[in-house]
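Computation of the quantities below employed the complete heavy-atom set of this structure, encompassing side-chain atoms and omitting hydrogens, waters and symmetry-equivalent molecules. Bear in mind that the values here come from a model prediction, so they are computed numbers and not experimental data.
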Amino acid sequence: MNILLLKRYLVFIIGVLINSFGISFITKASLGTSPISSVPYVLSLRFAPTLGEFYFVLNSAFILLQLLLLRRDFQKVQLLQVAVNFVFSWFIDVSMLLLASFAPVSYAAKLASLMAGCAILAFGISLEVYANVLMVPGEGIVYAISKVLNKEFGVVKACFDVTLMLTAVTLSLIFFRGLNGIGEGTVISALVVGMIVRLYNRRLGFIGSYLDPQRS
């Protein structure tokens, strides 16, 4: 592995770890977690496995579905998503443990925590985009569906997020007879994270130059 590719993978892993911390920060705000986290979070509120463990199961299913949908078009390098899934899920539990004593009380504090989590998550996503080596399972399954259906990635992503949120709402109503783990924070994070990612991408061009000097 050459040094430039090694740097890309290093930046990607850093982005994954930052993402895990951002998701935990959003979750601790108690206004509803992000769309991709909604199903595992609701399940973790009802059953013994942790948020990270449920995340691992869900992402493993996403990887398997990619294989089934893409078949020969599935790039072998994307099998590294399995390792990414392990690191990502493990660090979610680590970051939730680190934030165990963090419990904002007032609505303003919760909203501030939510926005901080969105900013952290968006930064991690930006690093993953700049690294341009792998997809995380949640993005990989959206890519696979968009490729098979020949639909625009953004449209499929929006439908995918809505499907996850509706699934989480249904599970919450079944388990708790009300909304638990789903709230305005879920919608806010869905709308805000993408905008912050675009803002970062306009400001972090030096990272692209660091990872690919020939383009600078």
Side-chain angles (χ1 to χ4, degrees), residues 16-66 68 81-107 109-118 120-121 124-125 136-142 144-145 156-193:
V16 168
L17 296 179
I18 291 174
N19 275 353
S20 303
F21 192 72
I23 287 173
S24 297
F25 224 98
I26 292 172
T27 302
K28 294 293 289 185
S30 299
L31 293 176
T33 191
S34 61
I36 192 68
S37 310
S38 57
V39 172
Y41 184 55
V42 170
L43 290 172
S44 72
L45 294 175
R46 176 62 178 83
F47 301 104
T50 65
L51 175 60
E53 289 168 343
F54 273 119
Y55 235 118
F56 182 83
V57 172
L58 182 65
N59 280 337
S60 295
F62 289 162
I63 296 170
L64 179 60
L65 285 173
Q66 289 177 61
L68 294 175
Q81 288 182 40
V82 175
V84 172
N85 184 25
F86 177 81
V87 173
F88 182 61
S89 304
W90 170 75
F91 201 72
I92 284 179
D93 282 344
V94 170
S95 55
M96 287 292 285
L97 183 62
L98 292 173
L99 293 173
S101 61
F102 177 70
V105 178
S106 69
Y107 188 81
K110 290 180 179 181
L111 189 60
S113 173
L114 171 67
M115 295 308 296
C118 288
I120 294 169
L121 178 60
I125 292 173
V136 293
E139 299 296 324
I141 184 59
V142 173
I145 294 172
V156 176
K157 173 65 174 172
C159 294
F160 183 74
D161 285 348
V162 170
T163 300
L164 288 176
M165 287 189 287
L166 291 177
T167 301
V169 167
T170 301
L171 291 173
S172 182
L173 292 174
I174 292 172
F175 296 148
F176 309 110
R177 298 187 179 182
L179 295 182
N180 200 345
I182 308 295
E184 63 269 38
T186 306
V187 178
I188 292 172
S189 62
L191 297 174
V192 168
V193 170

Under the side chain to side chain contact (heavy atoms under 4.5 Å, CB included) rule, what do Val42 and Asn180 come out as? Steps first, then yes or no, please.
CA-CA 7 Å; Val42 170; Asn180 200 345; over 6 Å; no
Could you walk me through whether Arg46 and Leu171 pass side chain to side chain contact (heavy atoms under 4.5 Å, CB included), step by step?
CA-CA 10 Å; Arg46 176 62 178 83; Leu171 291 173; over 6 Å; no
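- With rounding to the nearest 0.5 Å, the separation of CD1 in Ile120 from OG in Ser20 is 11.5 Å.
- With contacts defined as side-chain heavy-atom distances shorter than 4.5 Å, the pair Phe88/Val136 does not qualify.
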Report the C-alpha separation of Phe91 and Ile23 in whole Å, then their side-chain angles, then the decisive distance to 0.1 Å, and conclude whether the side chain to side chain contact (heavy atoms under 4.5 Å, CB included) test is met.
CA-CA 10 Å; Phe91 201 72; Ile23 287 173; over 6 Å; no
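- The backbone N or O of Ala168 lies less than 3.5 Å from no partner atom in the side chain of Ser172, so there is not a single donor-acceptor pair.
- The shortest heavy-atom contact between Asn19 and Ile125 is OD1-N, 3.2 Å.
- For the pair Pro35/Ser189, a side-chain contact is recorded, criterion being any heavy-atom separation below 4.5 Å from C-beta on.
- For Phe56, there are no ring-ring contact (aromatic ring centres under 6.0 Å, His included) partners, not counting sequence neighbours.
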What verdict does the ring-ring contact (aromatic ring centres under 6.0 Å, His included) test give for Tyr55 and Phe86, after you've listed the backbone C-alpha separation in whole Å, the side-chain angles of each residue and the deciding distance to 0.1 Å?
CA-CA 9 Å; Tyr55 235 118; Phe86 177 81; over 10 Å; no
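- With Ser113 contributing its side chain and Ala109 its backbone, the two residues share no donor-acceptor pair below 3.5 Å.
- Judged purely by distance below 3.5 Å, without hydrogens or angles, the side chains of Ser34 and Ser37 pair a donor atom with an acceptor atom.
- Screening Val39, Thr186, Val169 for a side-chain contact (heavy atoms from CB on, under 4.5 Å) with Leu164, the sole residue that qualifies is Val39.
- Thr50 and Asp93 share a donor-acceptor pair across their side chains, judged by distance under 3.5 Å alone.
- In this structure, Phe176 CZ and Ile182 CD1 are separated by 10.0 Å, a value rounded to the nearest 0.5 Å.
- Side chains of Ser89 and Asn59: a donor-acceptor N/O pair is absent below 3.5 angstrom, by distance only.
- For Phe25, the ring-ring contact (aromatic ring centres under 6.0 Å, His included) partners two or more places apart in sequence, or in a different chain, are Phe21, Phe102.
- When every heavy atom of Thr27 is checked against every heavy atom of Met96, the shortest pair comes out as CG2-CE, 4.1 Å.
- One distance of note links CG of Leu58 with CD of Glu53; it measures 14.0 Å at 0.5 Å rounding.
- Counted by atom type alone, Ser95 and Ser24 present one or more donor-acceptor pairs between their side chains at under 3.5 Å.
- Residues Glu139 and Lys157 are in side-chain contact: their nearest non-hydrogen atoms beyond the backbone lie under 4.5 Å apart.
- Phe175 approaches Leu43 most closely through the heavy-atom pair CE1-CD2, 3.9 Å.
- In this structure, CG on Leu114 lies 14.5 Å from NZ on Lys28, to the nearest 0.5 angstrom.
- A distance of 9.0 Å separates CD in Gln66 from CD1 in Ile145, rounded to the nearest 0.5 Å.
- Atom CD1 of residue Ile26 and atom CG of residue Leu121 lie 5.0 Å apart, to the nearest 0.5 angstrom.
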May I have the step-by-step check of side chain to side chain contact (heavy atoms under 4.5 Å, CB included) for Phe54 and Phe47, ending in yes or no?
CA-CA 10 Å; Phe54 273 119; Phe47 301 104; 3.9 Å; yes
